[in-house]
Amino acid sequence: MSHVPLIERYRERLPFTAEDPVVSLQEGSTPLLRAPVLSEMLGASVRLKLEGANPTGSFKDRGMTCAVSAAVREGARAVICASTGNTAASAAAYAARAGITCAVIVPDGKIAQGKMAQTLIHGARVISLAGNFDQALTLVRELTAAHPIVLVNSVNNFRVEGQKTAAFEIHEDLAGELEALFIPVGNAGNITSYWRGFREVGAAPALYGFQAEGAAPLVLGHPVEHPETVASAIRIGNPVRWEDAMAAVTDSRGSIRAVSDAEILTAYRLLAAREGIFCEPASAASVAGLLKYGAHGARQIVCVLTGRGLKDPETAIANNDGMIIRCVAEMSAIEEAVLGEV
Ligand code: F0G
């Protein structure tokens, strides 16, 4: 199935007909990988949904193929988004593919290098805002109300429609046996999408969402004016899908809880060092939540790893457990470097 674009694979469940234009980079159909170390730790079957395997390295591509295809169908010439980085990279890539223009508004100095690199090379106009994501989103909503530019944040329903397909895939791969899904939450579009997807196939796993402690409005019950976290992707203080996310966890008998930056980084390193999976810090919030709060009795568990580790090389290098051993080009020095005690 991996060669089939997402819209083609699930067309009968998406708002597209066979005649509609499809802007695709062959997104979706991502691996659902067994996690032996986590399974052993939890005493349950834990799998990882590797959304970093999407073309631009995050789950955003599922939503973006739909949002940009719909924009092209409507004759749009430009798309725009506010972003902590991944939406920007995805919008830039799909706009490039469609031959339309893209602008992104990002919080100045707060998006990871890999995401900035992607967004720039795809030719998007990058506006670096002296403000945070929430301010960027407010401004971009006002802007698109006044100008003919399509907003491709997850307020756009096509984004949610596309992202719900991840739930279809998990449901198919596990033959309906999934009991609990662990997922990071920022603007809350993705947890909303998963719940919609599961409902559409008649499934009802418990959804456990996790925010970073310094950016946990859904846990606190009020917006956070100055969100802070090492997980820059989810540095969001006022999620646009607030009500939808709360409905998803209430209806599924799950919860939204907080994990600290230290817990996120511990999970991030464990995934890389023990499971062989390098995800970005925000993605590790799902596993951090599983390790912190447990599985609530569930035996079939999936943690969503939303984005690839290479998105954020700075954090990986700043938080590594190993070290770089500098060495001169002589055998005795090499022997000491390779075999000596560290
Ligand atoms: N994980 C990653 C890697 C993300 O980039 C995001 C959101 C989330 C989790 C949270 O998903 O917002 O649907 O609850 N990134 C957005 C962006 C905000 O602009 O790239 P959510």
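Whatever order the structure lists ligands and atoms in, that order sets their numbers, starting from 1.
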Would you tell me whether Arg62 and Thr165 have side-chain atoms, one donor and one acceptor, within less than 3.5 Å of each other? yes
For a quick check under 3.5 Å, do Ser29 and Arg9 share a side-chain donor-acceptor pair by atom type? yes
Please tell me whether Arg47 and Gln300 have a donor and an acceptor in their side chains that are separated by less than 3.5 angstrom. yes
Is any N or O atom of Ile191, backbone or side chain, closer than 3.5 Å to an N or O atom of ligand 1? no
Checking a contact table here: which protein heavy atom is nearest atom 11 (O) of ligand 1, and how many Å away? Phe59 CZ, 3.5 Å
Under 4.0 Å between heavy atoms, the region of Arg241 that gets near ligand 1 turns out to be neither
With Glu27, the side-chain contact (heavy atoms from CB on, under 4.5 Å) member among Pro55, Cys66, Ser90: Pro55
Enumerated ligand 1 atoms positioned under 4.0 Å from heavy atoms of Asn187: 12 (O), 14 (O), 21 (P)
Suppose I only count heavy atoms of Gly189 and a 4.0 Å limit; which atoms of ligand 1 are within that range? 13 (O), 14 (O), 21 (P)
Applying a 4.0 Å heavy-atom criterion (strictly less than), which segment of Ala233 is in contact with ligand 1: side chain, backbone, both, or neither? both
What part of Ile236 sits under 4.0 Å from ligand 1 if we count only heavy atoms: the side chain, the backbone, both or neither? side chain
What do we get for Lys311 next to ligand 1 when only non-hydrogen atoms under 4.0 Å count, side chain, backbone, both or neither? neither
Which of the numbered atoms in ligand 1 are below 4.0 angstrom from a heavy atom of Asn86? 2 (C), 3 (C), 4 (C), 5 (O), 20 (O)
For Val185, the atoms of ligand 1 under 4.0 Å from one of its heavy atoms are 14 (O)
Does the side chain of Val79 come within less than 4.5 Å of Ile100's, by heavy atoms? yes
is_close_aromatic(Tyr194, Phe168), centroid dist under 6.0 Å: no
Report yes or no: does Ala188 have a heavy atom closer than 4.0 Å to ligand 1? yes
Do Arg257 and Phe210 meet the cation-pi criteria used here (NZ or CZ under 6.0 Å from the six-membered ring centre, within 45° of the axis)? no
Show the numbers, then the answer: is there a side chain to side chain contact (heavy atoms under 4.5 Å, CB included) between Tyr208 and Leu181? CA-CA 6 Å; Tyr208 297 104; Leu181 185 93; over 6 Å; no
Could you list which atoms of ligand 1 come closer than 4.0 Å to a heavy atom of Thr306? 1 (N), 2 (C), 3 (C), 9 (C)
Any N/O of Asn190 closer than 3.5 Å to an N/O of ligand 1? yes
Ser232/Ile111 under side chain to side chain contact (heavy atoms under 4.5 Å, CB included): CA gap, chis, key distance, verdict: CA-CA 6 Å; Ser232 59; Ile111 84 163; 5.8 Å; no
Atom indices of ligand 1, in the order listed, that fall short of 4.0 Å to a heavy atom of Glu280: 3 (C)
Would you check if there is a donor-acceptor pair between the side chains of Lys311 and Gln118 at a distance under 3.5 Å? yes
Looking only at protein heavy atoms, which one is nearest to atom 20 (O) of ligand 1, and how far off is it? Thr87 N, 2.8 Å
What atoms in ligand 1 come closer than 4.0 Å to a heavy atom of Ser83? 17 (C), 19 (O), 20 (O)
Sole candidate of Leu48, Asn54, Asp61, Val304 that passes side-chain contact (heavy atoms from CB on, under 4.5 Å) when paired with Thr30: Asn54
Distance to 0.1 Å, residue and atom name: give those for the protein heavy atom nearest to atom 7 (C) of ligand 1. Lys60 NZ, 3.0 Å
Hey, is Ile234 touching ligand 1 through its side chain, its backbone, both or neither, going by heavy atoms under 4.0 Å? side chain
Per-atom contacts of ligand 1 with Thr84, taking only distances under 4.0 Å to non-hydrogen atoms: 15 (N), 16 (C), 17 (C), 18 (C), 19 (O), 20 (O)
Starting at NZ of Lys60, measure out to OH of Tyr94 and round the result to the nearest 0.5 Å. 13.0 Å
